[in-house]
Amino acid sequence: MLYLTRMNRDSVRAEIERLKAEINHHNYLYHVQDNPEISDAEYDRLMQRLLKLESDYPDMVTSDSPTQRVGGEPLTSFSTIKHPVPMLSLANAFIERELDDWYNRIKKLAGNAGFDFVCELKMDGIAVALTYENGRFVTGATRGNGIYGENITHNLRTIHSIPMTVPSKEFARFEARGEVYITKTGFVKLNASRSQQGLPLFANPRNAAAGSLRQLDPRLTASRPLDIYVYMLGYLEGSNAPGTHWERLEHLKSLGFKLNPYNRCASNIDEVKSFYSYFLKERHNLPYEVDGIVVKVNQIDVQQALGNVGREPRWAIAYKFPAVQATTLLKEIKISVGRTGTLNPFAVLEPVQIGGVTVKQATLHNEDDIARKDIREGDTVILQRAGDVIPQIVGPVLSKRPHDSRPFKLSEKLFSPQAGVPVCPECGSAVFKPTGEVMYYCPDAACPAQAEQRIEHFASRNAMDIRGIGEQLSIALFRQGLVNDFADLYYLTKDDLLTLENMGDKSADNLLKSIAGSRQPALERLIYALGIKHVGIETASLLAARFKSLKKIMTATREELASLAGIGPKIAESIVAFFQNNANCQIITKMQKAGVAPVEINEVNDKSRPLSGLEFVITGRLKNYTREEAEEIVRSLGGSAKSDITRKTSYLVTGEGAGSKLDKARQLGIEQIDEQGFLDLLKNQT
Ligand code: IVH
């Protein structure tokens with residue numbers, strides 16, 4: 001019997017290992033190679049099987065398992081990591097002369113040693129160092145001040161293009177360094193969702209990437225569209241690395257890291273210049289922001305001979321692209337109505353060419369932003385497209401301001417002489433501005449502009465993902481009286497659809513098929529799709545993870561909601577208000593009657609978390625683990641590891657030399673266990 005059990009465990013372990021390898025392989029094909037071989041559904045099936053086995057055998061869960069990419073409780077703070085080799089910054093060249101000067105300098109210093117170059121794009125993101133030990137990703141850090149960085153391992157794990165394991169163990173310990181970034185479209189979507197939630201917007205993709213990496217809760221990071229390009233090998237132990245930067249990059253690629261496909265070797269400085277000129281024009285067509293190129297000496301021995309000047313290596317330089325600016329006339333500030341009733345000001349511009357595109361409009365965010373920059377109708381304004389995706393209005397050219405110009409006031413713009421108050425430009429309802437918010441709102445949920453956008457939002461990609469229903473069709477369905485709210489989508493017939501202009505037989509069939517196919521969405525998608533004010537996909541994921549069913553979310557109290565990390569009183573209030581509204585509940589019931597039922601989150605995930613709900617503080621030196629490792633084990637089993645003792649602490653784990661924390665635990669009556677006690681506890685749980 002015992003023998004059989006062991007056999008079983010061995011075969012389970014083997015299956016887990018096989019599944020992990022298979023999932024990691026498909027993950028690599030999808031996220032690094034951009035060339036998936038299996039469908040999402042097949043991938044999900046593998047993942048479900050692994051989750052099931054890990055939930056039955058929780059002691060077999062390892063931190064590098066693909067199920068653990070988003071795991072553990074939020075941290076209370078970031079710990080610090082000392083970089084084994086400092087993370088340097090780069091000197092800049094802004095004009096060709098400065099590049100030539102750099103080249104001439106290093107040529108002289110290199111003496112007889114010949115060298116060539118590697119040209120790379122200078123990604124506008126956040127530098128990170130990824131450390132692998134015996135083939136496993138162990139820690140990830142930000143650059144910080146170059147010497148010390150922040151430990152953001154939990155967040156980096158959520159980036160699927162970062163391998164959790166690498167095939168070769170020939171380097172006992174090594175570091176891959178690279179840039180984490182957000183694509184231009186990812187950034188636009190993130191800001192659109194933040195704007196809907198009334199959250200402050202990120203100024204550019206770089207800030208968005210930085211903000212996303214500095215989240216204490218990895219679930220928030222996981223919801224952000226982060227990606228990475230690895231650009232160099234950092235610290236290395238165990239074996240000799242190849243002698244050129246190019247070969248090292250190739251080696252990193254062969255280990256499964258994602259490298260920028262535009263990296264090129266250049267055998268002389270003219271080839272470097274051609275690379276620069278090409279991307280000076282092409283950069284606007286790239287899906288991510290780049291602010292220049294990085295030129296690196298290829299030969300590592302020459303790099304070493306050249307050395308550093310302060311924090312900058314002599315062997316590399318950033319050759320920056322100039323920012324593109326243009327001036328144009330701001331003809332008028334208009335207001336559009338958002339899905340949740342926000343009144344969004346935007347600038348109507350005299351069309352102008354900037355960075356290869358014609359710009360006719362630019363967002364102005366909100367009244368405070370307009371006032372801060374003092375932008376007025378009739379101004380000539382400076383538009384910039386530098387590190388920014390959407391051209392931004394930098395500010396007015398004051399010397400060109402008309403004499404009769406007046407500061408812009410949204411309330412004046414919206415003022416209706418008949419009503420005697422500012423009104424919604426779409427439906428004429430009196431607008432309001434909640435205290436403490438920057439946006440004005442149209443209060444009328446029946447406002448056609450809002451209703452149309454709610455339908456469009458419901459069907460959108462991160463929501464119910466109903467292919468074929470975009471802006472145009474949402475407007476048409478609403479105006480034709482076929483769909484008054486999103487639940488009506490599930491009652492559409494083919495005859496209804498055929499009354500629409502340009503709707504053919506085949507398109508109608510396809511549309512009905514996509515609508516029907518959206519009936520079992522993931523819970524977070526449905527919550528997001530409802531269009532609750534301030535609830536973006538991030539908050540929706542939090543709600544789904546914690547409450548696990550729509551019913552529980554609908555009946556949650558303000559206090560229950562606000563107790564979740566990431567949900568403040570404003571969001572909690574908005575959720576409660578949404579579900580207290582009769583009309584909203586009727587739409588939900590109508591939708592449920594049509595068979596829409598989210599896939600509710602089952603307990604599979606939770607069973608693999610035997611320490612769930614327990615809070616540990618680890619102090620002193622342990623014999624078997626470092627503190628970080630012990631904390632990692634606690635987290636991987638669903639517990640949380642904190643640095644300070646509070647009344648909520650479940651156990652204080654005491655290693656050798658435990659000090660003041662022991663006193664505090666005694667004072668508060670917190671249970672203390674030594675290392676053996678901790679190991680016993682783990683054994684009993686797993
Ligand atoms: S190499 C010693 N390569 O630029 C070499 N950096 O201004 C230092 N960056 O902190 C880095 N793309 O965040 C390198 N292809 C690339 C890069 C790159 C972007 C960033 C990186 C670094 C900063 C230095």
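We count ligands from 1, going down the list as the structure has it; atoms in each ligand are counted the same way.
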Sub-4.0 Å atoms of ligand 1 with respect to non-hydrogen atoms of R143: 10 (O)

Non-hydrogen atom of W315 closer than 4.0 Å to ligand 1: yes

Numbered atoms of ligand 1 (with element) below 4.0 Å of L88, judged on heavy atoms: 2 (C), 8 (C)

E120 heavy atoms, cut-off 4.0 Å: which ligand 1 atoms fall inside? 3 (N), 15 (N), 16 (C)

Return the residue, atom name and 0.1 Å-rounded distance of the protein heavy atom closest to atom 19 (C) of ligand 1. M123 O, 3.1 Å

Partner of H245 under side-chain hydrogen bond (donor to acceptor under 3.5 Å, both in side chains), chosen from E120, Q303, E250: E120

Verify, without hydrogens or angle tests, whether T327 (side chain) and I382 (backbone) share a donor-acceptor contact under 3.5 angstrom. no

For ligand 1, which atoms sit closer than 4.0 Å to a heavy atom of L121? 12 (N), 15 (N)

Under 4.0 Å to a heavy atom of P313 - the qualifying atoms of ligand 1, by number: 2 (C)

Is ligand 1 less than 4.0 angstrom away from at least one heavy atom of A318? no

Contact with ligand 1 for K296, non-hydrogen, under 4.0 angstrom: yes

Using atom types as modelled and distance alone, determine if a side-chain donor or acceptor of R206 lies under 3.5 Å from a backbone N or O of G125. yes

Side chain T221, main chain S212, donor-acceptor under 3.5 Å: yes

Taking heavy atoms and a distance under 4.0 Å, where does A127 meet ligand 1: side chain, backbone, both or neither? both

In the protein, what heavy atom is nearest to atom 9 (N) of ligand 1, and what distance, to one decimal place, separates them? E179 OE1, 3.6 Å

With sequence neighbours excluded, what pairs up with E179 under the salt bridge (charged side-chain N to carboxylate O under 4.0 Å, His left out) test? none

